[in-house]
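Protein chains get the first letters and strands the later ones, always in sequence-line order, with residue 1 at the start of each. Heavy atoms only: backbone and side chains are in, while hydrogens, waters and symmetry mates are out.
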Protein chains: 2
Amino acid sequence: MVTLADVARHAGVSSSTVSYVLSGKRSISTPTRQRIEKAITDLGYHPNAGARALAGKRSHIIALVVPLHTEVYVPTMMEIAISVTVTARQYGYDVLLITNDEGPEGVRRVAASGLADGVILMDVRLDDDRLPALRAQGTPAALIGIPDDPSGLACVDHDFAAAGALCVDHLADLGHRDLAFVGYPPRVYQRHAGYAERTLNGFRRRAEQRGLRVLHRPCEGTYESTAGTLARILADRPGTTGFVVQNEGAVGPLLSLLRTTGRTVPEDASVVAICPDQLAEQYAPRLTAVTGPRKELGQVAVEQVLARIDAAAAGGAAPDDALLLLAPDLVVRESTAPAPRRVTTTEEPST
Amino acid sequence: MVTLADVARHAGVSSSTVSYVLSGKRSISTPTRQRIEKAITDLGYHPNAGARALAGKRSHIIALVVPLHTEVYVPTMMEIAISVTVTARQYGYDVLLITNDEGPEGVRRVAASGLADGVILMDVRLDDDRLPALRAQGTPAALIGIPDDPSGLACVDHDFAAAGALCVDHLADLGHRDLAFVGYPPRVYQRHAGYAERTLNGFRRRAEQRGLRVLHRPCEGTYESTAGTLARILADRPGTTGFVVQNEGAVGPLLSLLRTTGRTVPEDASVVAICPDQLAEQYAPRLTAVTGPRKELGQVAVEQVLARIDAAAAGGAAPDDALLLLAPDLVVRESTAPAPRRVTTTEEPST
DNA sequence: GGTGAGCGTCGACGCGCTTCGATGTGCGAA
DNA sequence: TTCGCACATCGAAGCGCGTCGACGCTCACC
């Protein structure tokens, strides 16, 4: 193992000089700097992470807490995780993977031991039990998702309300008057996943503004459950022509089922999915879809934690809480079209 | 921050005694041990990771290198990553997430800096460029996947050859004589992903043994490309009744296309997928599928690295290389049935 | 030509922990 | 009673790096 002292000896300087070259915290004359840099590459020196963490009081590691359950769409989660990792590297940080099976204790352990300088939490629940630990320890943190009480914390998320509204606008512009929202399984709403609720709220509010009638139906996402969900929608509101789906598992079944019940998409029924573009492209017809920027989510989260880590190190006061909602995009593809002419109208929609 | 010395003072012993209680490397009398343990919980002591790594020459971290490209089925990768993390925790280790965009340099950096004690590589290529760095440094490592030259390395993987053979056996037992293998996109074979090649080899070899005729067709996995692939298969070998699919994206399109070309599954054509059970259950009909044990893959990989880390610490010689292939399972569902009676046979299959 | 400022460099200390050799205690065997 | 041998505990020496205060040199300026 090559140490700082080896490099210093090789370059004919003291070890502190080498340290200052590495950190840039004091000015070093160009010739000595070059001599030291040459020694570093010659010897293949890599600073020892443990010693650096001990002396510098910074591990240059941030912990990423990922959910265990598979209710969220895994590729999206992975994309965020990767974006977090890549972004962190750009700032000289590495990422430690923490699974949620340790619960709040995991966060506490990692922060208290100085293993990680900060924490990024994914899949934040409205009443998340990891937040008290974070606040109590004053651990620099960023949440991906929004809890009930975001005070003092940095929260980053898609603007799901805007996503819901975007769907309504698109369908309303196409002349649809009766919309159905096929959502996540009931347990997702029950455990207060914020994104599900906020999408729904944005959807409902905009629908009300634009005078559309809406139905919300949670759905397990299997073929059978989707069949049941669709049957109930068509029974309750036979004139429904616009479907908004926020449930990756239900999309495929829904398309098949619409087809087998004699409705072609998009001529007879329009479908807007709230899902990654990658998924939307896979279906036939390709889906008009609303997507949030996943990579940016990870980037912003990292920048938020790092800002808080720096603030804490500078002894600064607790930084302001931040609530960053990233705007979604709607991409029009082949699954939406103007509403069909109404043949049988039982009642007029409310204004 | 609470330190070892604080605990020692609180318990009225020297700090080395506390250290020995923590590590268990020397016997401590029961009363003092209990006093120390009480002090630890009273004070909420967490050993400082950096100091521990520095003094103990072990970071208790293993690095997990994950691929960036999305050609592999992400949920499976995630499942393995999570299983690695959970298993590592059971042994007192944490997991550092490394993306492949750093290339071989990432592995070198993490190992040389002592950030990680060992490395687990996912998505190993036959001629993987990260392996020279590993061997040169003697970094304890486990690969998930098998390279060209696995000598001196621990390799863990599904037994893909057995998976391919399992598909053939199942279809052959049902009386199918002409099989088609719908595989990954050409670039997967071109970059020598071992799993793709080995599946194909196992498939071909067993088919030859059992006297079946086979066709292999790479496939992009989109709807259009699958349509093209199927059309070519049926043009080349109209009597094909057994399909083996190893391409998650192609499964859905294939099922639809078989249906729309007038073949019902499983009466007219049988389909076996090589994919996670979770996916196989999502289709209609539910798919007969071959799956490898993902969780076990992560577990075994962790145990292999840890064994090598311990061996290296004990100054032991380089441990034997290990090549661990985990047996897959075939679950019969609704997509396979006895081959239909042959109506038009142009030629006999070769024995 | 002397003075002060500022830049570049050095030496030493400490971060919190592990580990080794040494010390002290109690016991059974001689 | 004495010797020796476990066992239990202690003290001190690092592990490799960051950082602070100090020192010496150069240069502009009076």
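For the residue pair B/S29 and B/T32, a side-chain donor N or O sits within less than 3.5 Å of a side-chain acceptor on the partner. If you check the side chains of A/R33 and A/Y20, you find no donor sitting under 3.5 Å from an acceptor.
Of all nucleotides listed (C/dT18, D/dG16, D/dA8), C/dT18 comes nearest to the side chain of B/L4. For A/L54, the listed nucleotide lying nearest its side chain is D/dG16; candidates were D/dG16, D/dT19, C/dT9. Of the listed nucleotides (C/dC15, D/dC17, D/dC15), D/dC17 has the atom at the smallest distance from the side chain of A/T3. Picking from C/dT9, D/dG11, C/dT19 the nucleotide with the shortest atom distance to the side chain of B/K25 gives C/dT19. For B/V13, counting side-chain heavy atoms from C-beta on, the closest listed nucleotide (D/dG18, D/dC10, C/dC10) is D/dC10.
Taking 4.0 angstrom as the limit, B/T17 places a side-chain polar atom (N or O) nearer than this to OP1 or OP2 of D/dC10. Note on B/S19: every side-chain N or O is 4.0 Å or more away from OP1 and OP2 of C/dC17. Within the 4.0 Å cut-off from OP1 or OP2 of D/dA8, at least one side-chain nitrogen or oxygen of B/S27 is found.
Residue B/L326 forms a side-chain contact (heavy atoms from CB on, under 4.5 Å) with just one option from B/L297, B/D159, B/D157, and that option is B/L297. Just one residue in the list B/V7, B/T3, B/D6 forms a side-chain contact (heavy atoms from CB on, under 4.5 Å) with B/V18, and that residue is B/V7.
The residues B/R130 and B/D128 are annotated as salt-bridged, a charged nitrogen and a carboxylate oxygen being separated by less than 4.0 angstrom. Using a cut-off of 4.0 Å between Lys/Arg side-chain N and Asp/Glu carboxylate O, B/D117 and B/R308 are scored as not salt-bridged. B/E79 has no carboxylate O lying under 4.0 Å from a charged side-chain N of B/K295, or vice versa, which leaves the two without a salt bridge. Look at A/R109 and B/D94 and you find a salt bridge, because one of the NZ, NE, NH1 or NH2 atoms lies within 4.0 Å of a carboxylate O, short of that distance.
Separating the NZ atom of B/K57 from the P atom of D/dA13 is a distance of 17 Å, rounded to the nearest angstrom. Remark: C1' of C/dC7 and CD1 of A/I28 are 10 Å apart, rounded to the nearest angstrom. Between B/M1 atom CE and C/dG16 atom P the separation is 6 Å, expressed in whole Å. Rounded to whole Å, atom C1' of C/dC10 lies 15 Å from atom CZ of A/R9. Counting to the nearest Å, the P atom of C/dT9 and the CD atom of A/Q34 are 12 Å from each other.
For A/S16 and C/dG11, a side-chain-to-base donor-acceptor distance below 3.5 Å is present, hydrogens and geometry of angles not being considered. For A/R26 against C/dT9, a side-chain-to-base donor-acceptor contact under 3.5 Å is present. Scanning atom types as modelled, no donor and acceptor separated by under 3.5 angstrom connect the side chain of A/R35 and the base of C/dG8. One can find a donor-acceptor pair under 3.5 Å joining the base of C/dC20 and the side-chain atoms of B/Y20.
Looking at heavy-atom distances under 4.0 Å, B/S29 makes contact with sugar-phosphate atoms alone, never a base. Residue-level contact check: B/T32 touches the backbone only, with heavy atoms under 4.0 Å from sugar-phosphate atoms and none from bases.
DNA chain C lies under 4.0 Å from at least one heavy atom of each of the following residues of residues 44-53 of chain B: B/Y45, B/P47, B/N48, B/A51, B/R52.
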